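First up is the structure itself, then whatever we jot down about it.
Order of the sequence lines fixes the chain letters, A, B, ..., with proteins taken first and strands second; residue numbering starts at 1 for each chain. Fair warning: this is a prediction, and the values are worked out from it, not measured in the lab.
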Amino acid sequence: MARIQKIKGFNDLFPEQSAKYALMEQRAREVFGRYGFGELRVPVLERTELFARSIGEDTDVVGKEMFSFPDRRGRSMTLRPEATAGVVRAFVDSGLHQPGRVSRYYTFGPMFRYERPQMGRQRQFHQINAETFGAAEPQADAETLLMLAAFLGSLGLDDLSFELNTLGCAECRPAYREALTGFFGSLDVNALCEDCRRRVKTNPLRVLDCKVPGCRDLVKDAPAVSSHVCAGCRRHFEAVLEMISAAGLKHSLNSRLVRGLDYYQRTTFEVCSGEIGAQSAVAGGGRYDGLVAALGGPDVPGIGFACGMDRLAMLLDPVLDPEPDFYLAVLDNRAEAQAALLAQRLRERGLGGELGYGAASLKSRLRQANKNRARTCLIIGLEEFEAGTVLVKDMTGHGQESVGRETLLDKLDRFFPSPSGPGR
RNA sequence: GUGGGUGUAGCUCAGUUGGUAGAGCACCUGGUUGUGGCCCAGGUGGUCGUGGGUUCAAGUCCCAUCACUCACCCCA
């Protein structure tokens, strides 16, 4: 039979990989919980319109990267390309918002974008998101950043670079846009790359982020955001910087940092690694004060980030499973039923280990026990079968002892001294 | 969507000017009557991605196709 191939960009995560994801989720719960966040699980599928309206019609994500298809009634559905839109929709849907109240949620799960896969980018990828609604204060920005740093630190990742920028707000951004357009208009049209010539019209801020060397040189002389934002935005940004500096978060300013989703305003940030290839951003986010209202909710501010789990996984050391407490070796077929029962009793008492099926040579069983990294090998051969005992062999040293099965179960602490298993 | 690279054993890869396929690791067995790791010996395992073409002869050359991969664009 012909094999069915996996879908391009959709990967299987076997234990070696999935253990890293479990670790990230565990750390996220611990750290985010300390900052007052609760878990929100939202659907993977939403109506296409949600993303079109929130992310922006003319962004690359909406324009060419969404997995969209009609459902059975012809309505356009989309596998979420990012999480914030769905979280905002859920927040609005719930009607839980009370004026003056701050709501904090985190969520994780798969996202989908129809792009060419490469290192650090798959069509199904996984993010951890955290969003705060109802807080306009710079403290919320600072806490978001510090929480992200704390989470990354809890994974042992401390050589990541934090870059920040402010994009201005609804009041001052139009003026800056105009200044930029004017600046680019004064340049020789051919000086910019093809993409940027288009961007000047559609989204001039993006030109600042262009990687083409020629464009980079020109951008150096472009008007900086910081000199064009309004007094309120300036004060807000300075307060954020002051707070994270006071907390000891190392960071740098990057006036070219422009995010690809239209809803960002004021504070934006990105966390990058130098070790995972060209797709180096492991987290990114910022403030999106108009988004909740734009999706039909109350006019409350929002701020949050998305963290790429797959990219973080590339930075994590292998996560080792705990060593099994035992490996149970049966050397005679007649002992199989008794052995299975013993394994069951041990597991009921909180120990973990593998039962070797069928009879095999002692040598091969011990090799297997060794490969499993089992701390003890329990052996039931002909002798033990007839005597109702079990040979308990310590795999970390060379000691071994033959004991009655009931004795073993009664004195687990003696035969399995290490305190790894719960519930003992 | 655009450009480059790669498809040979379960994995990582050799394979000469075209001449009938190899290593390391892994796996299994043995070296011990019932004692693992290290070592030693032996063994299992390959439609050479797929289809077509050139040739006496193709892993090797040509064409097509599929897959994977890196990068651009963009993003986590």
Side-chain angles (χ1 to χ4, degrees), chain A residues 2-3 5-9 11 24 55-56 58-66 80-84 108-130 148 152 160 193-196 198-199 203 206 209-212 215 257-261 264 269-273 276-286 304-315 327 329-332 359-377 379-385 391-400 402:
Chain A
R3 270 197 304 210
Q5 294 173 316
K6 76 178 178 67
I7 301 173
K8 184 201 290 288
N11 296 134
M24 288 186 269
I55 299 169
D58 55 350
T59 58
D60 283 0
V61 171
V62 171
K64 54 185 195 188
E65 295 173 2
M66 293 204 298
R80 62 182 181 186
E82 58 101 44
T84 303
F108 19 62
M111 311 293 156
F112 307 85
R113 288 184 202 171
Y114 198 96
E115 301 178 90
R116 272 287 264 282
Q118 70 184 75
M119 186 189 284
R121 181 167 61 203
Q122 297 300 322
R123 288 184 173 181
Q124 174 174 327
F125 58 105
H126 302 80
Q127 289 187 338
I128 298 179
N129 275 71
L148 175 57
L152 296 169
L160 301 169
C193 73
E194 197 182 326
D195 288 325
C196 284
R198 174 177 46 82
R199 289 185 186 118
N203 194 343
R206 294 277 183 72
D209 198 31
C210 185
K211 275 116 193 161
V212 176
C215 298
L257 177 58
V258 177
R259 324 244 43 255
L261 282 54
Y264 287 114
F269 52 89
E270 217 168 83
V271 185
C272 296
S273 162
I276 54 173
Q279 307 304 318
S280 60
V282 297
F305 63 78
C307 194
M309 299 176 79
D310 316 271
R311 291 179 187 176
L312 286 184
M314 294 191 281
L315 293 166
Y327 178 85
V330 183
L331 307 182
D332 190 287
S361 75
L362 180 59
K363 181 178 190 136
S364 71
R365 286 307 192 202
L366 283 171
R367 276 181 175 161
Q368 187 63 46
N370 196 55
K371 254 175 293 192
N372 286 13
R373 300 180 312 147
R375 281 196 287 253
T376 49
C377 187
I379 301 160
I380 301 182
L382 187 56
E383 266 178 50
E384 291 78 13
F385 168 66
L391 184 60
V392 181
K393 178 178 170 59
D394 172 21
M395 297 297 286
T396 60
H398 285 88
Q400 60 182 34
S402 187

Positions of residues 304-312 of chain A (non-hydrogen atom under 4.0 Å from RNA chain B), listed by number
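Residues of residues 304-312 of chain A under 4.0 Å from RNA chain B: A:A306, A:G308, A:R311.
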Using atom CZ of A:R123 as one end and atom C1' of B:rA76 as the other, report the distance to the nearest whole Å.
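Whole-Å distance recorded here is 17 Å.
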Can you sort out the partners of A:F108 under ring pair (Phe, Tyr, Trp, His ring centres under 6.0 Å), two or more places apart, ordered by chain and number?
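Partners of A:F108 under the ring pair (Phe, Tyr, Trp, His ring centres under 6.0 Å) test: A:Y106.
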[atom1] spacing across the pair [N] / [M], given as an integer number of angstrom:
| N | M | atom1 | value |
| --- | --- | --- | --- |
| B:rC68 | B:rC25 | P | 31 Å |
| B:rU8 | B:rG46 | P | 15 Å |
| B:rC61 | B:rG19 | P | 11 Å |
| B:rG36 | B:rG30 | C1' | 15 Å |

Among residues at least two apart in sequence or on other chains, which ones pass salt bridge (charged side-chain N to carboxylate O under 4.0 Å, His left out) with A:R121?
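Residues passing salt bridge (charged side-chain N to carboxylate O under 4.0 Å, His left out) with A:R121: A:E115.
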Going 5' to 3' through nucleotides 41-50 of chain B and flagging B where a protein heavy-atom sits under 4.0 Å of the base, S where only the sugar-phosphate is that close, and - otherwise, we get ----------
For A:D394, side chain to side chain contact (heavy atoms under 4.5 Å, CB included) partners two or more places apart
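Once residues adjacent in sequence are excluded, the partners of A:D394 under the side chain to side chain contact (heavy atoms under 4.5 Å, CB included) criterion are A:T396.
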Hey, is the side chain of [X] poking within less than 4.0 Å of OP1 or OP2 on [N], counting only N and O atoms?
| X | N | value |
| --- | --- | --- |
| A:Q118 | B:rC72 | yes |
| A:K393 | B:rG34 | no |
| A:K363 | B:rG34 | no |

What dot-bracket string describes RNA chain B from 5' to 3', counting Watson-Crick and G-U wobble pairs whose defining distances are under 3.5 Å, with [ ] for crossing pairs and | for pairs to another strand?
(((((((..((((.....[..)))).(((((.......))))).....(((((..]....))))))))))))....
Is any side-chain N or O of A:R116 under 3.5 Å from a base N or O of B:rG3, one able to act as donor and the other as acceptor?
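Such a pair exists between side chain and base.
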